[in-house]
Each structure stands twice: as C-alpha cells, then as structure tokens.
Amino acid sequence: INASPDIIYVYDIEELKNVYVNDGIQTNLGYSDAEIKEMDSGVIPTLMHPEDFENYLQHTYPQYSKLSDRELTVHEYRMKDKTGSWHWLQSKESIFLRLPDGTPKQIFGISNDITERKKAEHLIHESEERYRILIEQANDGIVQIGSSMEINLVNAALCRMLGYSREELLKMKVSDTYAESEKTQVFQRQEEVIEKGGLSFERHMIRKDGTELPVEVSIGTLGNGQLLGIVRDISQRKKAENALKASEEKFRGLTTASSDVLYRMSPDWSTMFQLDGRGFLVDNEKPNSNWFHEYIHSKDQERVLSVIKEAIRTKSIFELEHPVLQVDGSLGWTFSRAVPLFDELGDIIEWFGAASNITERKRVSEALEESEQLLRLSSELAQVAAWEYDVETNSMTRSTSHDKLYGIMNQGKWERETFLNATHPDDREKSNDLINKSLAAGGPDEYRFDFRVIYPDKSIHWLNVIGRIVRRNK
C-alpha cells in the first residue's frame, strides 16, 4: 500500500480525523504520517481549499450517511501541500466501518493528483472560449456540419443571412438550405471535401422566407467526419456582375474616358485581345498569346497566374497588385482588376479589365516603411523599455533595456517591491497609490506618471511610466 503513488487513507467521520494514511500523502503533498496525526481533526479544515471545504461540508459529508456498503462517492477538491502550493485531488470513497446501529463511522478512500488534468481542462476551456468569440464576431456565416450533414453549430451572422433562429438551424440538415435544383450536389460535395481536405464553391441558399441567397462557400475537414464551412453573402457581387453583363456596351463606352490601362482577355486568359497602354504599358492592338511574358516579370509570374486561375475557376473578379514591365522596360507597379463577361448560359466569353499605374504610390509606401524602421530604431536608441507585470505571481518580464533605465545591471527577478525600492523615497507613496487605484476593481485601465530613481552613484534620474491593464479577473 505504501508503494502506491496514490493517497490511501481511512478517515473517521465521527471523530473527524485520519485513522490511517499511507506514504502517498508525503509523495503528493509532502506531509509525513506523524504531521498528519499531529493535525488531528484539523487536517481537512487546514489543508482543503476554503471554497472546496464549504462544498465538502454542504454536499460531500452529508452524502456519507446515505452510502450503501458497496457504493462509491467521488469528489474533486484542492489541497495545500507543505510548500503552500495547491493540488487538485480526486477521491473515491466507500464505507469502511459502521456502528452497531448501521451508522457509518469510517470511510476508506483513494486520492490521486489530477492537477495536470485540471490545467489541461482549463486551457481547453480558454481555447474553446476564444474559438466561440471568434466565430460569433465573424462577419461571414460559419457552420459546423456532422457526418450525416446535420447542422451542429452556427454563428449569428449565418442566422442573419438566412432569417432563421439558431435553434431552428440546429434542427436542420444542410440539404434543407439548398435550392431544390442543387440538392443532388450535397453528398457529392461532402465526398469531394473529405477526399481533397477542402473545397470552395458558389451556391444558392434558401432563406426562411423562401428567397434564394447567392453565397460563396469554403469548407474544410475537422476530423471524425465533421466539416467546417465559411459562408459569404455574394448577393451584392452578383448584382454587380449582372449589371456589368446587362450594360456591357454602356460600360465600354464609359471606360474610353478613363486614364487607366484598358485590356480585354480571352475566357482562359491565354490570349490578350487588346490593350491600351496609355503611355504606361506597350499598346497591343492584335491578339497576343505571348502577353504574359512580355508584361509580367518572371519572378512574379507564378503568383499572378495563381490568382488568374482562381478567378477563372470561381468566375469571379480578378483583382491584384503586382509588378509590371513598363514601356521603357523598367519595372513598375499596377493595380489590375478584370471582370468576366458571361453569355446567356453563364459561361465566360471574355474578360474586361482596367489597370492603374501605382508605381509612385508604391515608391511612397516603401519610403514610409523605411521611415517607420528608422523610427523603431530611434525608439531603441531613445532608451525606451517595455515590461509586463503578473499581479498573481508578483513577477515581471521586461525588455533588455529596462534595468539600465534604473541604473541597474544584470538585475535578477523583478517584483513590485523591486520597482518601489528602486523609486526615490519621496515618490514611492504617490507611485504605489496610482498603481493600486488602477489595479482595484473598477479602476482605470491605464496609468501614467513621472518619478525619480536613484542610481548606484547616488545621481537622480527622472523616468516616465505608462501602464495598461491587459486582463482582469472575472
């Protein structure tokens, strides 16, 4: 029994003390058998966490009188070890000895340390909470789908799109949201997603009022047959595309006044039908099948081609910023946007595009980025330090320049007291008060103040500190 890593004990519930405990108590909590005996009836009140002790008195202890001889009771609680740290334990207990009248007198129990499990559960809970918040804040609709294509989870955005409540959608299958003409594709797409690991496509969803909503859907696998879909409302985009199709000639007439480069492409982009370079790019009056190599630099061809293929596959607008070879052979930048023109069957007949010269804008942007890099370097040279303080553990992490601002080299652990001790005596009370006000419930989330520090050579230096609360307890 003493070789067991678990705590094995016999507890007298009438005298409120341990009759026996094995060496597991020392292995798990650091107390010897003699120390436990010395605590006598104070073991549980002394070592059990106050919150758990209250629960023990209200729920666990009364349960002993109701146990049958072979019945187990299981409860989880925190106990303080010899160093003052808390451990989560799980105890399984049964009646060990009864009085002549049948009243339970002693219980036999086995406790094992479940601290790591509890930590893992806490991390999982935090992860799930972040996942839930992310889903609920998304502008696109999000849906989790089961192996039988039942809807297991939806966010608020999808409810708004379709006009259903969350409760209504969770009682439906994916096929219930499909237009009648597309229902045969449900399981076909499910198989394709599982085979490829992901799939993007356009479809029509049926709203609660019976109207159709054009959407773009991206679906991936979660494992165990579960799928996760992101649904984007493309009704406005579709209206724009239809308007372009209906007014193609009018659109062409309006663009003749544009200062942008205008071009026309074949349905698969293999041939450029026409390009008016406007002095930025070389004009192209005849169909040109070599346009890709004449206008796009070799190092950018793979990226540009990838976006073109995606636009063709989805029959959607091509849009991209990329380098381009200018009239003089130098490398410039363009923002290119092309829309597909469709026939009555919905097939692309050609692409009509416009490309803006953004070379100067890119030059300014690069200059700005260089300026920002210089600003970051200047901040480092200006002796600015960053720090983060954990109130619960009273510990601080900080940048390498932090200690130097206090005139201290190679300082080890920083605590709040370290900061206060480094502060000029005349500024300590004010500094401490401002920090305490911010840490208090309902206090301001930010504080800032000037204070003095005394260097080892007795010289006095002024510092400015800005602190912001990152996270508060619930």
For this session: Before accepting this row, confirm whether a basic side-chain N of the pair K171/E168 lies closer than 4.0 Å to the acidic partner's carboxylate O.
Result: no
Exercise. What are the two closest heavy atoms between L325 and E294, and how far apart are they?
Worked result: CD1-O, 3.5 Å
Exercise. Is it the case that more than 12 heavy atoms not belonging to F96 sit under 6.0 Å from its CZ atom?
Worked result: no
Exercise. Parallel, tilted or perpendicular: which fits the ring planes of Y61 and Y64, with parallel below 30° and perpendicular above 60°?
Worked result: perpendicular
Exercise. Could K362 and E366 be called an ion pair, given the rule that one side-chain N must be under 4.0 Å from one carboxylate O?
Worked result: no
Exercise. Any ion pair linking R471 and E388 (charged N to carboxylate O, less than 4.0 Å)?
Worked result: no
Problem set entry | Any donor-acceptor N/O pair, R337 side chain to I317 backbone, under 3.5 Å | no
Problem set entry | Salt bridge flag under 4.0 Å for residues R78 and E51 | yes
Seminar exercise, completed: The single option from I151, I135, N155, L222 that satisfies side chain to side chain contact (heavy atoms under 4.5 Å, CB included) with Q144 is L222
Problem set entry | Pairwise side-chain contact, Y389 with R416, heavy-atom cut-off 4.5 Å (strictly under) | yes
Exercise. Take atom CD in E54; do more than 12 heavy atoms of anything else shown fall under 6.0 Å from it?
Worked result: no
For this session: Of all the heavy-atom pairs spanning K92 and L72, show the shortest one and how long it is.
Result: C-CD2, 4.5 Å
Problem set entry | Evaluation steps, side-chain hydrogen bond (donor to acceptor under 3.5 Å, both in side chains), between N394 and E417 | CA-CA 9 Å; N394 189 24; E417 292 72 19; 3.1 Å; yes
For this session: Specify the closest pair of heavy atoms between L67 and I95, including all atoms of both residues, with the distance to one decimal.
Result: CB-CG1, 3.9 Å
Problem set entry | Exam field: side chain T314 to backbone E310, donor-acceptor pair closer than 3.5 Å | yes
For this session: Could you tell me the separation between the CZ atom of F53 and the CD atom of Q58, rounded to the nearest 0.5 Å?
Result: 10.5 Å
Problem set entry | Any side-chain heavy-atom pair of V304 and L320 under 4.5 Å | yes
Exercise. Hey, is CG on D347 packed in by over 12 heavy atoms from elsewhere, all under 6.0 Å?
Worked result: yes
Exercise. Would a distance-only check, ignoring hydrogens and angles, find a side-chain to backbone donor-acceptor pair under 3.5 Å from T177 to I206?
Worked result: no
Exercise. Is it true that atom CD of E126 has more than 12 heavy atoms of other residues, nucleotides or ligands lying nearer than 6.0 Å?
Worked result: yes
Exercise. Would a distance-only check, ignoring hydrogens and angles, find a side-chain to backbone donor-acceptor pair under 3.5 Å from Q301 to I296?
Worked result: yes
Problem set entry | K173 side chain vs S148 backbone, donor-acceptor pair below 3.5 Å | yes
Exercise. Should F419 and I435 count as side-chain neighbours, where that means a heavy-atom distance under 4.5 Å?
Worked result: yes
Problem set entry | T221 vs L227, side chain to side chain contact (heavy atoms under 4.5 Å, CB included): CA-CA, chis, key distance, verdict | CA-CA 5 Å; T221 58; L227 306 177; 3.8 Å; yes
Exercise. Can the ring centres of F318 and W269 be said to be less than 6.0 Å apart?
Worked result: yes
Problem set entry | Test item: R313 and S200 side chains (from C-beta on) under 4.5 Å apart, heavy atoms | yes
Exercise. More than 12 non-hydrogen atoms from neighbouring residues, nucleotides or ligands closer than 6.0 Å to CD on E446, yes or no?
Worked result: yes
Exercise. Does the pair E192/R189 count as a salt bridge with the N-to-O cut at 4.0 Å?
Worked result: no
Exercise. More than 12 non-hydrogen atoms from neighbouring residues, nucleotides or ligands closer than 6.0 Å to NZ on K309, yes or no?
Worked result: no
For this session: Please tell me if the side chains of N288 and T271 come closer than 4.5 Å, counting only heavy atoms from C-beta onward.
Result: no
For this session: May I ask you to establish whether R203 and Y178 are in a cation-pi arrangement, using a distance under 6.0 Å from NZ or CZ to the six-membered ring centre and at most 45° from the ring axis?
Result: yes
Exercise. Can L170 and N152 be said to form a side chain to side chain contact (heavy atoms under 4.5 Å, CB included), step by step?
Worked result: CA-CA 6 Å; L170 293 177; N152 292 334; 5.6 Å; no
Problem set entry | L169 CG to L153 CG distance, which is reported to the nearest 0.5 Å | 10.5 Å
Exercise. So, do H322 and R303 sit near enough that their side-chain heavy atoms are less than 4.5 Å apart?
Worked result: yes
Exercise. How long is the gap from CG on L89 to NE2 on H75, to the nearest 0.5 Å?
Worked result: 9.5 Å
Problem set entry | R232 CZ: over 12 foreign heavy atoms closer than 6.0 Å | no
Ignoring hydrogens and angles, write down the donor-acceptor pairs under 3.5 Å from the side chains of residues 437-445, residues two or more places apart or on other chains.
| unit_1 | atom_1 | unit_2 | atom_2 | d |
| --- | --- | --- | --- | --- |
| S438 | OG | P444 | O | 2.7 |
| D445 | OD1 | R472 | NE | 3.1 |
| D445 | OD1 | R472 | NH2 | 3.0 |

Exercise. Closest heavy-atom contact between S270 and W291?
Worked result: O-NE1, 3.7 Å
For this session: Apply side chain to side chain contact (heavy atoms under 4.5 Å, CB included) to F280 and V324, showing your working.
Result: CA-CA 10 Å; F280 172 42; V324 65; 3.7 Å; yes
For this session: Nearest 0.5 Å please: distance from the CD1 atom of I110 over to the CD atom of E93.
Result: 10.5 Å
Exercise. To the nearest 0.5 Å, what is the distance between CZ (F449) and CG (L434)?
Worked result: 5.5 Å
Exercise. Going through the checks in order, is the side chain to side chain contact (heavy atoms under 4.5 Å, CB included) test met by N28 and M79?
Worked result: CA-CA 10 Å; N28 289 273; M79 293 287 273; over 6 Å; no
Problem set entry | Distance-minimising heavy-atom pair for Y263 and S336 | OH-OG, 2.5 Å
Problem set entry | Check: M172 and Y164 side chains under 4.5 Å, non-hydrogen atoms | yes
Problem set entry | Straight-line distance of M396 CE to T393 OG1, nearest 0.5 Å | 10.5 Å
Problem set entry | Where T115 and D113 come nearest, the two heavy atoms and their spacing | OG1-OD1, 2.6 Å
For this session: Check whether more than 12 heavy atoms from other residues, nucleotides or ligands sit under 6.0 Å from atom CG of L275, and answer yes or no.
Result: yes
Exercise. So do E212 and E182 actually touch side chain to side chain, heavy atoms under 4.5 Å?
Worked result: no
Exercise. Ignoring hydrogens and geometry, is there a side-chain-to-backbone donor-acceptor pair from T359 to G332 under 3.5 Å?
Worked result: no
Exercise. Between K315 and E202, does at least one N-O distance fall below 4.0 Å, as a salt bridge requires?
Worked result: no
